[in-house]
Q: 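Below: one structure in structure tokens.
Keep in mind that what you see is a predicted model, and the values were worked out from it rather than measured. All heavy atoms count here, side chains included; hydrogens, waters and symmetry mates do not.
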Amino acid sequence: MSDSISAISLRSRGSARQTVTALNQLIKQISVSYNTDYLTILDIDQLGVDISEVTVCSAVIGDVLEQSFVEVVVRETSGGGNSRPIHFCQDLSQTDDDAIQASGISSAVVIPLRVESMSGSCLVMMWFREKRSLSGEDLENLIFYGRLVAVLCWNILSIRTVNEQSERLSALIDLSTTIYSSLNYQAVLQKVIDFARSLAAATYATIYILDQDQKRLRPFISNCADDSVCGAESSIDLGSGAEGEAASKGEGVIVNGVSSDRRKGGSRIALPLISSGETIGVLSVHRESGKLFTLEDLQFLSIFARQAADVIENARMFRDLQNAYKKLTTTQKQMVESERMRVMGEMACGVAHDFNNILGSILGRAQLLRRNTTDENAIPGLIEIEKLALQGAETVKRTQEFARVRSKVATRQVMINDVIEQAVEITRPIWKEQAQFNLVEINVVTNLMAEQPIAGSFDELVDAMTSLIQNAVEAIPKGGRIEINSFDRGDEIVVEIIDDGEGMTDEVREKAFHPFFSTKGKSKAGLGLSVAYGVLQRHHAIIEIESQSNEGTSVRIIFKARREQKESVPDVVVSVEPENLNILLIDDDKSLLEVTSELVEALGHSVITAGEGMEALSLFEDGNFDLVISDLGLPGMSGWDIANAVKLRKPDLPVIIISGWGAQISESEIRKQNVDLVVPKPFTMKQLGEAIRTVFSSNRPDKSKVDA
């Protein structure tokens, strides 16, 4: 056999490339240790890597053999089964297969890798020069090596998944920014179909508008380059083809290579564009390649369909309001702006919920692997996965915080001067130490004269004031002065934050509190001021901005003075460490259900799982459970319904709800639904353990939430 060397390479960055390098080195070490003539990973293409003869490390040794031949060797060596951890055939010359006879192969080892989403993958070792003898110790060592290879393969798959989800999240944020920063709705819809085509690896995408009078779908915008490929029809009857069926039924349709569809060949997804409960059009995505669409593709593309519907509806609303816009008063402007922020918040919550489920699975699986692996080379990659998942969770959490414009504020008596003083201390490292390091001087001067209290949440107000001070610091990159004043004005408390920095243009000032809007470039998410705006709106405060370019900015916040009784001191909660609990776990997301189940078992408890409500209640009736943990959004029967059914049968049995909606669930709703605790997704193993301990603590509050 030839001594040529090939290796796997991955077009990626950071830990993904490092993991590929580690896999290359491990495979080379195995090959050298056992003097193999040929070594490969069967179905390595499922990792999303390239086979290349450019790199120096060894993952494939010898001339690259046809995969069909390798599959024959695997079948002959393993006998067609992969239940055993390793298969060794010392003499393959006795086989009846002509290809093996002609190749001169003598011995082979097959080690099934059992990597999720790589069905049938295995490590294959061959010897051509002479029959190889392996001791029991050799086989045990090879099993261990196989497990290391499997861990690294899973690591590569996980990093690739995180990167793909990161690209999708970035695209959605980019699209959301465009939607609410541009009045050119045709350009926005063009971006919708371009993103849909790119992220779904499709040939083209088209948006149809429903003509309600004619009951026909008319093409509005498409990125198809060839009309002969797209089809010559100018419109589609309601109920005809995938697009017509999606519009008539109001639900997504997948057609994979079915010639009975009105356009022959390829695969297609058609998703209704729904606004205010009515279908207004269809998003159609088409693939000419042989790759089929999946349910996951449909679920992801439904986000783009929702956004396209929002764009079309907003365009119609804008057209209707355009003639009356000049007559609006300042109060009317604020009402329109509030409605716009509300719509954005609802859309952001939908996106956040979907990504919280995805991030929950990634984070949980990474923590379990990190807990169980003994491979030092794998740990940095797993840490990187956790880091990326938590970064994504933080972005989602800030998006949800913006969306909480309607949430009820926990009211207590708050002195605004205390809020300002704490915010100034929190930001001190930015306007003092960091500024001095950058050789600039920023002076923060406070004049706090307000004496009346307001009703609200101290922590939320500190967060909002911190964001406003940070924004003022960023407005004076060359140094300057920030003045913070507070004073009483009748039954109002006024707070002023004044800087002598760059100021704002009229256009920037109008968009200052818009989510995802930033003048600081890609390094800023553009959520700080929008989150602060949401907090102040919930406190019924009035926000005014006065600013001009190069003349500084003055932000004025006006609160209503309002006295509330101070909160009573809660009873001391005595922590109880529960052991060996029998837990019923319910979630319709199979991946998240498996991960959460393993996390619960890792905490030392027994778990029974169910994918929907009726199955869960049947198991509950037949079992003896100490705790029920249920997802909120379930088909047919929600988590609230399950909680009420459980409490009806066993009032003292604790119930925990896990939900991607997180911050939107109010305390009153938790009390109403007979739930002991709500845990927002995604959560870590530590947070899950704390939640379980909390519901088994004596004198615990009746209803609560944990901050994940």
Q: Would you name the heavy atoms of Ser630 and Gly639 that are closest together and state the gap between them?
A: OG-CA, 3.8 Å
Q: Between Ser547 and Gly552 (side chain of the first, backbone of the second, donor and acceptor by atom type, cut-off under 3.5 Å), is there such a pair?
A: yes
Q: Looking at Ala561, is its backbone amide N or carbonyl O close enough to the side chain of Asp491 to form a donor-acceptor pair, meaning the two atoms are under 3.5 Å apart?
A: no
Q: Quick check for you: to the nearest 0.5 Å, what is the distance between Ile274 atom CD1 and Asp310 atom CG?
A: 11.5 Å
Q: Atom OG in Ser638, atom CG in Asp631: separation rounded to 0.5 Å?
A: 10.0 Å
Q: How long is the straight-line distance from CG of Leu688 back to CZ of Arg693, given to the nearest 0.5 Å?
A: 9.5 Å
Q: Can you check side-chain contact (heavy atoms from CB on, under 4.5 Å) on Val655 and Asn674, steps first, answer last?
A: CA-CA 8 Å; Val655 177; Asn674 288 321; over 6 Å; no
Q: Would you check if Val419 and Val414 make a side-chain contact, meaning some heavy-atom pair closer than 4.5 Å?
A: yes
Q: Apply side-chain contact (heavy atoms from CB on, under 4.5 Å) to the pair Ile193 and Leu283, showing each step before the final yes or no.
A: CA-CA 8 Å; Ile193 60 175; Leu283 170 63; 4.1 Å; yes
Q: Of the non-hydrogen atoms in Pro453 and Ile493, which two are nearest, and what is the gap between them?
A: O-CD1, 4.0 Å
Q: Could you state the interatomic distance from CD1 (Ile476) to CD1 (Ile482), rounded to the nearest 0.5 Å?
A: 4.0 Å
Q: Do Glu502 side-chain atoms and Glu474 backbone N/O form a donor-acceptor pair below 3.5 Å?
A: no
Q: Is it true that Asp194 and Lys191 make a salt bridge, defined as a side-chain N closer than 4.0 Å to a carboxylate O?
A: no
Q: Could you pull out all residues at least two apart from Glu441 that satisfy salt bridge (Lys or Arg N to Asp or Glu O under 4.0 Å)?
A: none
Q: Got Ile498 and Thr553 here, is their nearest side-chain heavy-atom distance under 4.5 Å?
A: no
Q: Please examine the side chains of Asn447 and Glu483, heavy atoms only from C-beta on, and report whether any two atoms are closer than 4.5 Å.
A: no
Q: Which heavy atom of Met415 sits nearest to which heavy atom of Glu451, and what is that distance?
A: CE-O, 3.2 Å
Q: With a 3.5 Å distance limit and no angle check, can you tell me whether Thr427 reaches the backbone of Ile430 through a side-chain donor-acceptor pair?
A: no
Q: Indicate the atoms forming the closest heavy-atom contact of Ser486 with Leu448, along with that distance.
A: OG-CA, 3.2 Å
Q: Verify side-chain contact (heavy atoms from CB on, under 4.5 Å) between Leu603 and Met685, making sure each step is shown before the conclusion.
A: CA-CA 8 Å; Leu603 291 169; Met685 182 187 297; 3.8 Å; yes
Q: What are the two closest non-hydrogen atoms of Asp676 and Pro654, and how far apart are they?
A: OD1-CA, 3.4 Å
Q: Got a sec, which residues hit side chain to side chain contact (heavy atoms under 4.5 Å, CB included) with Ser275, two or more places apart in sequence or on another chain?
A: Ile280, Glu313
Q: Roughly how far apart are Glu544 CD and Glu496 CD, rounded to 0.5 Å?
A: 9.5 Å
Q: Can you pull the salt bridge (charged side-chain N to carboxylate O under 4.0 Å, His left out) pairs that have at least one residue in residues 414-432, sequence neighbours excluded?
A: Glu425-Arg428
Q: Which heavy-atom pair separates Val440 from Pro477 by the least distance, and what is that distance?
A: CG1-O, 3.7 Å
Q: Check whether any side-chain heavy atom of Ile557 sits under 4.5 Å from a side-chain heavy atom of Leu536, and report yes or no.
A: yes
Q: Can you tell me how far the CD1 atom of Ile416 sits from the NE2 atom of His539, to the nearest 0.5 Å?
A: 8.5 Å
Q: So, Asp500 side chain and Gly480 main chain: donor-acceptor pair closer than 3.5 Å or not?
A: no
Q: In the structure I gave you, are the side-chain heavy atoms of Leu461 and Ile454 within less than 4.5 Å of one another anywhere?
A: yes
Q: Output yes when a side-chain donor or acceptor of Asn417 lies under 3.5 Å from a complementary backbone atom of Ala450, and no otherwise.
A: yes
Q: Measuring only between side-chain heavy atoms, which start at C-beta, is Val495 closer than 4.5 Å to Met465?
A: yes
